[in-house]
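Chain A is the first sequence line, chain B the second, and so forth, proteins listed ahead of strands; every chain is numbered from 1.
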Amino acid sequence: MKTDVIAQVKKTILDSIEKNIKQSNFQIKIIPEIILLTPKNKSHGDLSTNIAMQLSRELKLKPLDIAHFIVDNLNIKDSIIGEVEMVRPGFINFCLKENWLYQVIDEIREKGEDYGKVNLGKGKKIQVEFVSVNPTGPLHVGHGKCAAVGDALSNILKAAGYKVEKEYYINDQGRQIDLLGQSVQVRYNNLLGERMEFPADGYKGEYIVDIAKEVIEKFQDKYKDRDDQESREFFKEFTLKNILEGIKEDLKNFGVEFDAWFSESSLYKQNKLQEVIELLQQKGFLYKEKGALWLKTTVFGDEKDRVVIRKNSIPTYFASDIAYHQDKYQRGFEKIIDIWGADHHGYIQRMKAAVQALGYPEDSLGVLIVQFVTLIRDGKEVGMSTRGGEFITLRDLIKEVGKDVARYFFLMRSHDSHTEFDLDVAKSQSMENPVYYIQYAYARICSIIKKAEQAGVKMDKSKVIKLQLLNQEEEFELIKKLSSLKEVIKKSALTWKPHFLTTYLYDLASSFHKYYTVHRIITEDEELTRARLILIDCTRIVLFNSLKILGVSVPESM
RNA sequence: GCGCCCGUAGCUCAAUAGGAUAGAGCAACGGAUUUCUAAUCCGUAGGUUGGGGGUUCAAUUCCCUUCGGGCGCGCCA
């Protein structure tokens, strides 16, 4: 089994440095974590550490002197490590012999679809809950960004060795749902010529009328001019089901599949809410005031205490959420990630407080805030107000630009910065569009491999490949890029930022395109051709694995 | 008023868990194709990282302050 070359070299170096420091006369309490990273400037070597500078303050010595001591006593017997040098402030840089790059190729060939996986999570159970839009209307583009981020992050965490479950929480309960049912009921009656007053804060969207029309199609005037319990229940359920199906379908078309759909009303049916209130009562975090029941969230740093049961004895949304989160922990998740839109950020503190009141550590719950999306058309902002009439749903967006482009655009920037989504760029099949740029690299590789096969050069595992023939600058660059996938996955998983992977993919595609332009893959020299084919096939594998994580498809021809 | 996020090239954004000369794309200008897909590649130009302090050997990154933009501050969800 080919193992991770870089990881091995790192270990060798780290062990030696650490041993070295320990054996010295240095008076240090705790040795800081020694970090080896890849310098952006290649004249600084393949790996670099800043440990000498980190130690300099405590030791009151010049960083360069410390670096000298470390390097002089370095005992590294790894054939792959070449030169070691010290530079200005106190960096220690390691140059590796070119051999290591060929080992990367071997590793990729051997691991194939598993290349890029790391065991950071060690099987830890983690839940990612996202989208969770109230089922009172269709998904809009902002929800699409949450969906893309949540889905990609889940895939990244899986690749990083966590056991991940994706969940959607359905608020299928309470006043808003009653109101939703009523809205359709009134529209239904209106369509049938009945005069019935529309609820004051009812849902006014056109989709409500569409649902009413569907009721007519299926049930004609069966519920006409009725306002009894049965008809109300009927409209509520019909509408809920209808909208939820739409949401599920939209998400499916967007490439997002959830492992679980969790219904709020199930919490009530199973008495979970009552249980959690009693638990909090026992723990002494609840008190009565002004006829309502309050949770002492201020104990855990919230601005003010929050109501869980209203004066009218109806629980708040917050109460359901507490019960819901308790249920998550009871299902054995060690870590919970909630992904919310930016308009909910004010909710983080109270949710974290609730989790702590339940007895779980603060950082067991992580909340990821996804900033808003602005759509641009013809250089102008597209109004997103529901009333404005220009409202664009996720479904519209997918229809207009396609799933791949939509997903990529949502993932190419950091989730905590606003996304400016230019529809014209997204639709252009040109170099402006980064999605095509990356997919094109993949298609190009597939095309070359096919061509080589037709010419009789097949990638044969049994043949000995002379990887040493890969000695061009562009080839080294490309292999180095290939080697850094694992670091990228690791970083994305630790910071919960999928955009690191997106950026990486673009760079990788760029390295390949450059290589392609300068060198021919299929040459007169069969051995060279074989070596180069292996290289681009490895590139294909890495592109494939990364695009799969992002949920963007891989076309073999374009 | 209080809290959170953001401010980097003309525009949209990056910047490895504080690191070395702040990088891409678009737009502008100039080049490359008898070649495995030009949806590509190369070059030029473009910056006081909003302003001002501080911490550090080292700050776009951390702290304080100020300005500008977004969002949130219900017994709504």
**Request:** Could you work out the separation of U61(B) and A15(B) based on their P atoms and round it to a whole Å?
**Result:** 14 Å
**Message:** At 4.0 Å (heavy atoms only), tell me whether Ser447(A) reaches a base, stays on the sugar-phosphate, or touches nothing.
**Reply:** base
**Fill in**
Quick note, Lys491(A) side chain, CB onward, closest among A15(B), U16(B), C71(B) is U16(B)
**Request:** Would you please confirm or rule out a distance under 4.0 Å between OP1 or OP2 of A77(B) and any side-chain N or O of Arg310(A)?
**Result:** yes
**Message:** Would Lys10(A) and Glu487(A) count as a salt bridge (Lys or Arg N to Asp or Glu O under 4.0 Å) here? Give the steps.
**Reply:** CA-CA 13 Å; Lys10(A) 276 188 178 176; Glu487(A) 277 302 312; 3.5 Å; yes
**Request:** State whether the distance check finds a donor on one side and an acceptor on the other, under 3.5 Å, for side chain Asn50(A) versus base G19(B).
**Result:** yes
**Asked** What residues in residues 407-415 of chain A put a non-hydrogen atom under 4.0 Å from any atom of RNA chain B?
**Response** Arg413(A), Ser414(A)
**Asked** So, is A28(B) syn or anti if syn means the angle is within 90° of 0?
**Response** anti
**Message:** How would you summarise protein contacts on nucleotides 27-35 of chain B per nucleotide, using B for base, S for sugar-phosphate only and - for none, with heavy-atom distances below 4.0 Å?
**Reply:** --------B
**Asked** What is the distance from CD1 of Ile51(A) to C1' of A17(B), rounded to the nearest Å?
**Response** 14 Å
**Prompt:** Looking across every strand, which nucleic acid part, if any, lies under 4.0 Å from Ala441(A) by heavy atom: base, sugar-phosphate, or nothing?
**Reply:** nothing
**Request:** Would you please determine if the base of A20(B) is stacked by Phe91(A), with stacking meaning a centroid separation under 5.5 angstrom and planes under 30 degrees?
**Result:** yes
**Fill in**
note: Lys40(A), atom NZ; A15(B), atom P; distance rounded to Å ~ 10 Å
**Prompt:** How is Lys451(A) classified with respect to the nucleic acid when contacts are heavy atoms under 4.0 Å: base, sugar-phosphate, or nothing?
**Reply:** sugar-phosphate
**Prompt:** Looking across every strand, which nucleic acid part, if any, lies under 4.0 Å from Ala342(A) by heavy atom: base, sugar-phosphate, or nothing?
**Reply:** sugar-phosphate
**Message:** Show me the pairs that pass salt bridge (Lys or Arg N to Asp or Glu O under 4.0 Å) and involve residues 30-48 of chain A, at least two apart or across chains.
**Reply:** Lys42(A)-Glu473(A), Lys42(A)-Glu477(A), Asp46(A)-Lys480(A)
**Message:** Measuring to OP1 and OP2 of A38(B), would you say a side-chain N or O of Arg444(A) lies under 4.0 angstrom away?
**Reply:** yes
**Request:** Give a yes-or-no answer on whether the side chains of Asn134(A) and Thr136(A) include a donor-acceptor pair shorter than 3.5 Å.
**Result:** no
**Prompt:** Quantified in whole Å, what is the C1' atom distance between nucleotide G46(B) and nucleotide C64(B)?
**Reply:** 33 Å
**Request:** Verify the contact: side-chain N or O of Arg88(A) to OP1 or OP2 of G19(B), cut-off strictly under 4.0 Å; return yes or no.
**Result:** no
**Request:** Using distance alone, with no hydrogens and no angle criterion, decide if Arg413(A) and His418(A) have a side-chain donor and acceptor under 3.5 Å apart.
**Result:** no
**Request:** Identify whether any heavy atom of Phe500(A) sits under 4.0 Å from a base atom; if not, whether one sits that close to sugar-phosphate; answer base, sugar-phosphate or nothing.
**Result:** sugar-phosphate
**Request:** Mind calculating the distance between CD (Glu420(A)) and P (G70(B)) to the nearest angstrom?
**Result:** 14 Å
**Heavy atoms from other residues, nucleotides or ligands near CD of Glu289(A) exceed 12 (cutoff 6.0 Å)** = yes
**Prompt:** Under 3.5 Å, is there a donor-acceptor pair between the side chain of Thr539(A) and the main chain of Leu535(A)?
**Reply:** yes
**Prompt:** Across the strands shown, which category fits Thr136(A) at heavy-atom distances under 4.0 angstrom: base, sugar-phosphate, nothing?
**Reply:** nothing
**Asked** Which of residues 168-179 of chain A sit near RNA chain B, with a heavy atom under 4.0 Å from it?
**Response** Gln176(A)
**Message:** Among residues at least two apart in sequence or on other chains, which ones pass side chain to side chain donor-acceptor pair (under 3.5 Å) with Ser132(A)?
**Reply:** Glu129(A)
**Asked** Under 3.5 Å, is there an N or O donor on one side and an acceptor on the other linking the side chain of Asp201(A) and the base of A77(B)?
**Response** no
**Request:** Name the nucleic acid region contacted by His344(A), choosing base, sugar-phosphate or nothing; use a 4.0 angstrom heavy-atom cut-off, strictly under.
**Result:** base
**Message:** Does A38(B) have OP1 or OP2 under 4.0 Å away from a side-chain N or O of His513(A)?
**Reply:** no
**Request:** Could you tell me whether Leu494(A) contacts a base, only the sugar-phosphate backbone, or nothing, with contacts defined as non-hydrogen atoms closer than 4.0 Å?
**Result:** base
**Request:** Determine whether the side chains of His415(A) and Gln371(A) contain a donor N or O and an acceptor N or O closer than 3.5 Å.
**Result:** no
**Message:** Under 4.0 Å, counting only non-hydrogen atoms across every strand here, what does Asp321(A) touch: a base, just sugar-phosphate, or nothing?
**Reply:** nothing
**Asked** In terms of side-chain heavy atoms of Ser48(A), which of A39(B), A20(B), C36(B) is nearest?
**Response** A20(B)
**Message:** Heavy atoms from C-beta onward define the side chain here; which of A14(B), A24(B), A20(B) lies closest to that of Thr503(A)?
**Reply:** A14(B)
**Asked** What distance, rounded to whole Å, do you find between the two P atoms, one in G50(B) and one in C13(B)?
**Response** 15 Å
**Request:** Choose from G19(B), A20(B), A77(B) the nucleotide whose nearest atom is closest to any side-chain atom of Met53(A).
**Result:** G19(B)
**Message:** Distance check needed: C13(B) P versus Asp422(A) CG, whole Å only.
**Reply:** 10 Å
Protein-nucleotides 3-10 of chain B N/O pairs closer than 3.5 Å?
from: G3(B); atom 1: N2; to: His345(A); atom 2: NE2; distance (Å): 2.4
from: C5(B); atom 1: O2'; to: Gln371(A); atom 2: NE2; distance (Å): 3.3
from: C5(B); atom 1: O2'; to: Asp416(A); atom 2: O; distance (Å): 3.1

**Item:** Rounded distance in Å between the C1' positions of G25(B) and U40(B)
**Value:** 14 Å
**Message:** On the nucleotide C42(B), are OP1 or OP2 found under 4.0 Å from the side-chain N or O atoms that Lys514(A) carries?
**Reply:** yes
**Request:** Respond yes when some side-chain nitrogen or oxygen of Lys304(A) is under 4.0 Å from OP1 or OP2 of C75(B), and no when none is.
**Result:** yes
**Message:** Strictly below 4.0 Å: does Lys62(A) bring a side-chain N or O up to OP1 or OP2 of C57(B)?
**Reply:** no
